[in-house]
> 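Sending over a structure as structure tokens; questions will come in a sec.
Below, chains carry the letters A, B, ... as their sequence lines are ordered, and counting in each starts from 1.
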Amino acid sequence: DAEITQSPRHKITETGRQVTLACHQTWNHNNMFWYRQDLGHGLRLIHYSYGVQDTNKGEVSDGYSVSRSNTEDLPLTLESAASSQTSVYFCASSALRVHGGELFFGEGSRLTVL
Amino acid sequence: SQQGEEDPQALSIQEGENATMNCSYKTSINNLQWYRQNSGRGLVHLILIRSNEREKHSGRLRVTLDTSKKSSSLLITASRAADTASYFCATEGGSQGNLIFGKGTKLSVKP
């Protein structure tokens, strides 16, 4: 069965360190997304990609970057982790770009920045 | 910016009762989606309703959409303890039409 997997599921890091969260999907979807989920804010879009070599900023992109070198993977990098980036991060993919694209989510990566 | 806002924030009911959650949004939409999230898990798509539809059913789920009031409701009939989860509405927003999620309704169904 097709799936979307995130790793690591849990990570603790220190302020200032670089962190990369991996996202791998086997749906063969062109569209991939990164959201963060915080109490009181719901899910907020960080970055998204509509295909290889395409990346776009979302609502809360400062301090984050993504790269898309193949269809399956969209790693999220925190260049210099800050305590404000402590959150649960979700990767998602969809077949349709807009107007009805159901999102398929990974199980999340819980990041704690000390 | 949040496009959809769910109401209530939390809902506690007994097994067998119906649960109704509401979602209000601000701008015109092409469709609205509902997702479910079990504690510690990712979101799972439940149902999509298009702007030209007024009601849609899927099993025990009934979704309505009132574009004149910019609101949608999700009804879960004959709820079960396994329905305990958070429920989110999502609408298209932003220049690229990406999904924007509300803050969710936390549903607790007591056995």
> What is the distance from atom CD1 of I100(B) to atom CD of E59(A), rounded to the nearest 0.5 Å?
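Here the rounded value is 6.5 Å.
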> Can you hop from F104(A) to M32(A) via hydrophobic side chains spaced under 4.5 Å?
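Unlinked, F104(A) and M32(A) end up in two clusters.
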> Rounded to the nearest 0.5 Å, what separation is found between the CZ atom of F101(B) and the CD atom of Q37(A)?
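The CD atom of Q37(A) is 9.5 Å from CZ of F101(B), to the nearest 0.5 Å.
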> Is there a continuous path of hydrophobic side-chain contacts, each under 4.5 Å between heavy atoms, that joins L65(B) to L61(B)?
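L65(B) and L61(B): one cluster.
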> Between F33(A) and chain B, which part of the residue has a heavy atom less than 4.5 Å away: side chain, backbone, both or neither?
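Answer is side chain: those atoms of F33(A) sit under 4.5 Å from chain B.
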> Examine whether an atom of R110(A) lies under 4.5 Å from a heavy atom of chain B, and if so say whether it belongs to the side chain, the backbone or both; otherwise answer neither.
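Neither the backbone nor the side chain of R110(A) comes within 4.5 Å of chain B.
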> Should W27(A) and L48(B) be regarded as members of a common hydrophobic cluster, given that ILVMFWY residues are connected when their side-chain heavy atoms come within less than 4.5 Å of each other, either directly or indirectly?
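No, W27(A) and L48(B) fall in different hydrophobic clusters.
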> Check for me, please, whether Y87(B) and I29(B) land in the same ILVMFWY cluster - side-chain distances under 4.5 Å, paths through other members count.
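Hydrophobic grouping puts Y87(B) with I29(B).
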> By ring pair (Phe, Tyr, Trp, His ring centres under 6.0 Å), which residues pair with F88(B), not counting sequence neighbours?
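F88(B): no ring pair (Phe, Tyr, Trp, His ring centres under 6.0 Å) contacts found.
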> How about CZ on R54(B), more than 12 heavy atoms from neighbouring residues, nucleotides or ligands closer than 6.0 Å, or not?
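It does: R54(B) CZ has more than 12 such atoms within range.
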> Near E79(A) CD, under 6.0 Å, is it more than 12 heavy atoms from other residues, nucleotides or ligands?
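Above 12, so yes.
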> Counting only heavy atoms from other residues, nucleotides and ligands, does the tally under 6.0 Å from CD of E15(B) exceed 12?
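Yes.
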> Main chain of G40(A), side chain of K103(B): is a donor-acceptor contact present, judged purely on distance under 3.5 Å?
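Yes, K103(B) side chain to G40(A) backbone: donor-acceptor pair under 3.5 Å.
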> Are there residues of residues 36-44 of chain B that reach to under 4.5 Å of chain A by heavy atoms, and which ones?
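The list, in residue order, reads Q37(B), G40(B), R41(B), G42(B), L43(B).
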> A quick test of your reading: do over 12 heavy atoms of other residues, nucleotides or ligands sit less than 6.0 Å from CZ of R60(B)?
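Atom CZ in R60(B) is crowded, with more than 12 foreign heavy atoms closer than 6.0 Å.
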> Measure the spacing between CG of L46(B) and CD of E102(A) and express it to the nearest 0.5 Å.
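So the CG of L46(B) and the CD of E102(A) are separated by 9.5 Å.
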> Answer whether the closest heavy-atom distance between the side chains of L103(A) and L99(B) falls below 4.5 Å.
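Yes. Closest side-chain heavy atoms under 4.5 Å.
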